[in-house]
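Below is one structure, written out as structure tokens; the observations come after it.
Here the structure is a predicted model, which means the values were calculated and not measured. Note that ligands are numbered from 1 as they come in the structure, with each ligand's atoms numbered from 1 the same way.
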Amino acid sequence: LQDQWQVNPTELVLGQELGSGQFGLVLEGTWRERKVAVKMMREECMSEDDFKEEAKVMMRLSHCKLVQLYGVCTQRSPLCLVFEFMDNGCLTDYLRARRGRLSPDQLLRMCLDVSEGMMYLESSNFIHRDLAARNCLVSKNNEVKVSDFGMTRFVFDDQYTSSQCSKFPVKWSAPEVIRYSKFSSKSDVWSFGVLMWEVYTEGRQPYEHQSNSEVVESLNKGLRLQKPRLAPRSMHILMEWCWKEKPDDRPSFGILLHEIGSLSDM
Ligand code: ADP
């Protein structure tokens, strides 16, 4: 790793626990006068050497709608990732806590924020692979940012990485991902359609009463999630466009950003 991305352990002050994720504990912390979130990576959960290489790529990705990775602390075990702190936590919880109180403008703005972050990833030829409201975070001033991009590639737990397995995010995955693990920016677009649905249902679980295999079966029949009550017609048309069977028939994030932007007055 380049030195500028090495976080010196003596500069990192760890605080209270924020939660725990797939890779281990997430702690609040302070680094160079800045509030940060520190992910402690449990070694047995990830391939560390592969990750150190990839961290260099991830740290070069920098955009106001992505949760910034500030650096990696490799001198200490476990490996720690130091991220921009997001005061309002994950988007799913944020939506659920504010049910009935979010304006049409705010809901649209959330979709716009995510499409901006995703357009940046798309233009950087970087595939997210696990886009969902649970992997977006909300800042102090209620901006939504995309997080956890590319991270599933380093998970050892095959319960999560094989589409046949229980933890695989089938309900967010494009058909070609479920069938042959074919990830692309267009499979991210499918997931983005589900994320828009999550926003407009104020954080409901997609296909709530269906098992993963039932979802696969309905998708194969051409069935899709229904229009959320709060979603304008125009937003539902965009969702359905994201859920086209063939990846080439789906819009790019560039197009989505343009379309969503034209629906907002900002
Ligand atoms: P993982 O991706 O490893 O499963 P998460 O990203 O879900 O872990 O993190 C677990 C919890 O930690 C989240 O639900 C959130 O509350 C908190 N968290 C994660 N990253 C941040 C951050 N950058 N700022 C504030 N809280 C965070």
- Message: Against the six-membered ring of Trp197, is Arg204 placed for a cation-pi contact (under 6.0 Å from the centre, within 45° of the normal)?
- Response: no

### Query
Could you walk me through whether Glu116 and Phe253 pass the side-chain contact (heavy atoms from CB on, under 4.5 Å) check?
CA-CA 8 Å; Glu116 280 177 54; Phe253 282 106; over 6 Å; no

To the nearest 0.5 Å, atom CD of Glu54 lies from atom NZ of Lys56 at 10.5 Å

Run the ring-centre check on Phe83 versus Tyr70 and record whether the distance is less than 6.0 Å.
no

Could you pull out the N/O contacts under 3.5 angstrom between ligand 1 and the surrounding protein atoms?
{"from": "ligand 1", "atom 1": "2 (O)", "to": "Lys39", "atom 2": "NZ", "distance (Å)": "3.2"}
{"from": "ligand 1", "atom 1": "2 (O)", "to": "Asp148", "atom 2": "OD1", "distance (Å)": "3.3"}
{"from": "ligand 1", "atom 1": "2 (O)", "to": "Asp148", "atom 2": "OD2", "distance (Å)": "3.0"}
{"from": "ligand 1", "atom 1": "3 (O)", "to": "Gln22", "atom 2": "N", "distance (Å)": "3.1"}
{"from": "ligand 1", "atom 1": "4 (O)", "to": "Gln22", "atom 2": "N", "distance (Å)": "2.7"}
{"from": "ligand 1", "atom 1": "6 (O)", "to": "Lys39", "atom 2": "NZ", "distance (Å)": "3.0"}
{"from": "ligand 1", "atom 1": "6 (O)", "to": "Asp148", "atom 2": "OD2", "distance (Å)": "3.3"}
{"from": "ligand 1", "atom 1": "23 (N)", "to": "Glu84", "atom 2": "O", "distance (Å)": "2.9"}
{"from": "ligand 1", "atom 1": "24 (N)", "to": "Met86", "atom 2": "N", "distance (Å)": "2.9"}

Parallel, tilted or perpendicular for Trp243 and Trp190, by the 30°/60° rule? tilted

Apart from Phe85 itself, its cluster of hydrophobic side chains linked below 4.5 Å comprises Leu18, Val26

